[in-house]
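One structure below.
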Amino acid sequence: ILTFTIDPLDARDFDDALSIQRLSNGNLEIGIHIADVSHYVQENSAMDAEALKRSNSVYLVDRVIPMLPEQLSNVVCSLRPNEDKFSFSAVFELDETGKIFKEWFGKTVIHSDRRFTYEDAQEMIEGAEGDFKDEILTLDRLSKLLRAERFKDGSLDFSTEEVKFNLDENGKPLGVYTKVMKDANKLIEDCMLLANRRVARFIAKPEQGKAKTFVYRIHDLPNEQKLSELKNFVAHLGYELPTLEPGGNAKRELNKLLARVEGKAEAESVKQLAIRTMAKAEYSTDNIGHFGLSFDYYSHFTSPIRRYPDVMVHRLLALY
């Protein structure tokens, strides 16, 4: 089955890959394949204890301080092209509208046919020719449908600018540039959100009332006082907001505000202040849902190379 990765140009650890094939019934099968770190990092081993102590990889301007030994994160676990790799997969059968008919979770062996950078994929989305262009365009179309559905359900659109640095070989900064989130980046983000959400829902099994212990990624309601401060701040910029109720109209009104400021000089200031009204997202076995994404069930399944909670999610999912 055609499988590939899409990552930043300077990526060294490829922790997710996508596969796509057209089924005989006309539907699409989309696979989201995650490096099977838990296969190598055995519970209660010395490496496991060290990974837990670090808890995540730390990303600095010019380097990464990895959670795992680089031989694991950059070589053994990394889903490098043209190599057989162990992975933990979430596989979905969807129609052209993004409706899910079947889902499957399990351990797999994958073989990535191609490594794309975000720039490679973006050029094809914008019209250039290239390998597997039809498949990239199909995934782009599906991701836009999933994104539209998420925003319709109340997910907040906090797409902020990220500043990056150009460095020479000695680490001296040569310049500054803004990292722009384009459709290729969002394609990967939407696929990862799909896997994270469906894994959490699969474990929680809300329709059966059989929730098991799990590590959720939760996001509480925003602070009422901070919402009031945001309302007063944007009023000085000419934007009227009603009284924002954390469990009521806050999501809807915040999304309206973010849409109104988009492209304006004050957009980044308003977005940053709006983000500061939010509670901090955290990991918990007590699932209260994710306010910002508007998901009732959400976990982190997709980055066990750099996040220890994702390793726990893989172990629990495998156990169940």
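The structure displayed is predicted, hence computed values, not measured ones.
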* To do: Please test Ile218 against Asp286 for side-chain contact (heavy atoms from CB on, under 4.5 Å), starting from the C-alpha separation and ending with a verdict.
  => CA-CA 8 Å; Ile218 62 168; Asp286 178 23; 5.9 Å; no
* Test side-chain contact (heavy atoms from CB on, under 4.5 Å) on Asp120 and Thr117 and set out the steps. => CA-CA 5 Å; Asp120 294 333; Thr117 64; 3.1 Å; yes
* **Phe214/Val199 under side-chain contact (heavy atoms from CB on, under 4.5 Å): CA gap, chis, key distance, verdict** => CA-CA 10 Å; Phe214 203 53; Val199 163; 3.8 Å; yes
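Hydrophobic cluster membership of Leu79, counting Ile, Leu, Val, Met, Phe, Trp and Tyr whose side-chain heavy atoms lie under 4.5 Å apart directly or via other members: Phe14, Ile110. Apart from Phe165 itself, the hydrophobic cluster it occupies contains Val61, Val163, Leu167, Val176, where clustering links Ile, Leu, Val, Met, Phe, Trp and Tyr at side-chain heavy-atom distances under 4.5 Å.
A salt bridge between Glu262 and Lys271 is present, with a side-chain N of the basic residue lying under 4.0 Å from a carboxylate O of the acidic one. With salt bridges taken as basic N to acidic carboxylate O contacts below 4.0 Å, one links Lys85 and Glu83. Salt bridge absent: Lys186 and Glu189 never bring a charged side-chain N and a carboxylate O closer than 4.0 Å. With respect to the salt-bridge test (charged N to carboxylate O, under 4.0 angstrom), the residues Arg307 and Asp15 do not qualify. Under a 4.0 Å N-O distance rule, the pair Glu96/Arg22 qualifies as a salt bridge.
Residues passing the side chain to side chain contact (heavy atoms under 4.5 Å, CB included) test with Tyr177, sequence neighbours excluded: Lys164, Asn166. Every residue meeting the ring-ring contact (aromatic ring centres under 6.0 Å, His included) condition with His300, not counting sequence neighbours, appears here in chain and number order: Tyr283, Tyr298. Here Lys182 pairs with Gln122, Glu126, Val180, Asn185 under the side chain to side chain contact (heavy atoms under 4.5 Å, CB included) rule; sequence neighbours left out.
Between Ser143 and Asp140, the shortest heavy-atom distance links the atoms OG-O, 2.9 Å. Closest approach of Leu230 and Val270 over heavy atoms only: CD1-O, 4.5 Å. In this structure, Ala281 and His290 approach most closely via the heavy-atom pair CB-NE2, 4.4 Å. For Ala195 against Thr302, the heavy-atom pair with the smallest separation is CB-CG2, 4.2 Å. Of all the heavy atoms in Asn287 and Asp296, the pair that sits closest is ND2-O, 3.0 Å. The minimum heavy-atom distance between Ile65 and Arg54, with the atom names listed, is CG2-NH1, 4.1 Å.
The CG atom of Leu137 sits 13.5 Å away from the CZ atom of Phe132 when rounded to the nearest 0.5 Å. Rounding to the nearest 0.5 angstrom, the gap separating the CE atom in Met278 from the CZ atom in Phe291 is 5.0 Å. Within the model, atoms CZ of Phe101 and CG of Asn25 stand 8.5 Å from one another, a figure rounded to the nearest 0.5 Å. With rounding to the nearest 0.5 angstrom, the CG atom of Leu221 is 9.5 Å from the CG atom of Leu227. For the atom pair Asp134 CG and Leu139 CG, the distance stands at 11.0 Å (nearest 0.5 Å). Here the CZ-CG distance, from Arg147 to Asp190, works out to 4.5 Å after rounding to the nearest 0.5 Å.
Taking 4.5 Å as the limit, every side-chain heavy atom of Val261 sits out of range of all side-chain heavy atoms of Leu237. Between Tyr118 and Lys179 there is no side-chain heavy-atom pair separated by less than 4.5 Å. With contacts defined as side-chain heavy-atom distances shorter than 4.5 Å, the pair Thr277/Asn223 does not qualify. Counting heavy atoms from C-beta on, the side chains of Leu146 and Leu193 never come closer than 4.5 Å.
Other residues, nucleotides and ligands contribute at most 12 non-hydrogen atoms within 6.0 Å of the CZ atom of Phe86. The 12-atom threshold is exceeded at NZ of Lys212, counting heavy atoms of other residues, nucleotides or ligands nearer than 6.0 Å. More than 12 heavy atoms of other residues, nucleotides or ligands lie within 6.0 Å of CZ in Arg141, so this atom counts as buried by the packing criterion.
Side-chain N or O atoms of Lys251 include none that pairs as donor or acceptor with a backbone N or O of Leu293 at under 3.5 Å. A donor-acceptor contact shorter than 3.5 Å is absent between the side chain of Ser303 and the backbone of Ile305.
For the side chain to side chain donor-acceptor pair (under 3.5 Å) condition, the pairs that include at least one residue of residues 26-40, sequence neighbours left out, are Ser19-His33, Gln21-Glu29, Asn27-Glu93, His33-Ser89, Asp36-Ser38, Asp36-Lys107.
Remark: aromatic rings of Phe88 and Phe301 are close, center separation under 6.0 Å.
The cluster map of Ile, Leu, Val, Met, Phe, Trp and Tyr, joined by side-chain heavy atoms under 4.5 Å apart, puts Ile100 and Val91 in different clusters.
Under the side-chain contact (heavy atoms from CB on, under 4.5 Å) test applied with Leu68, the options Asp13, Val76, Val37 reduce to a single match, Val37.
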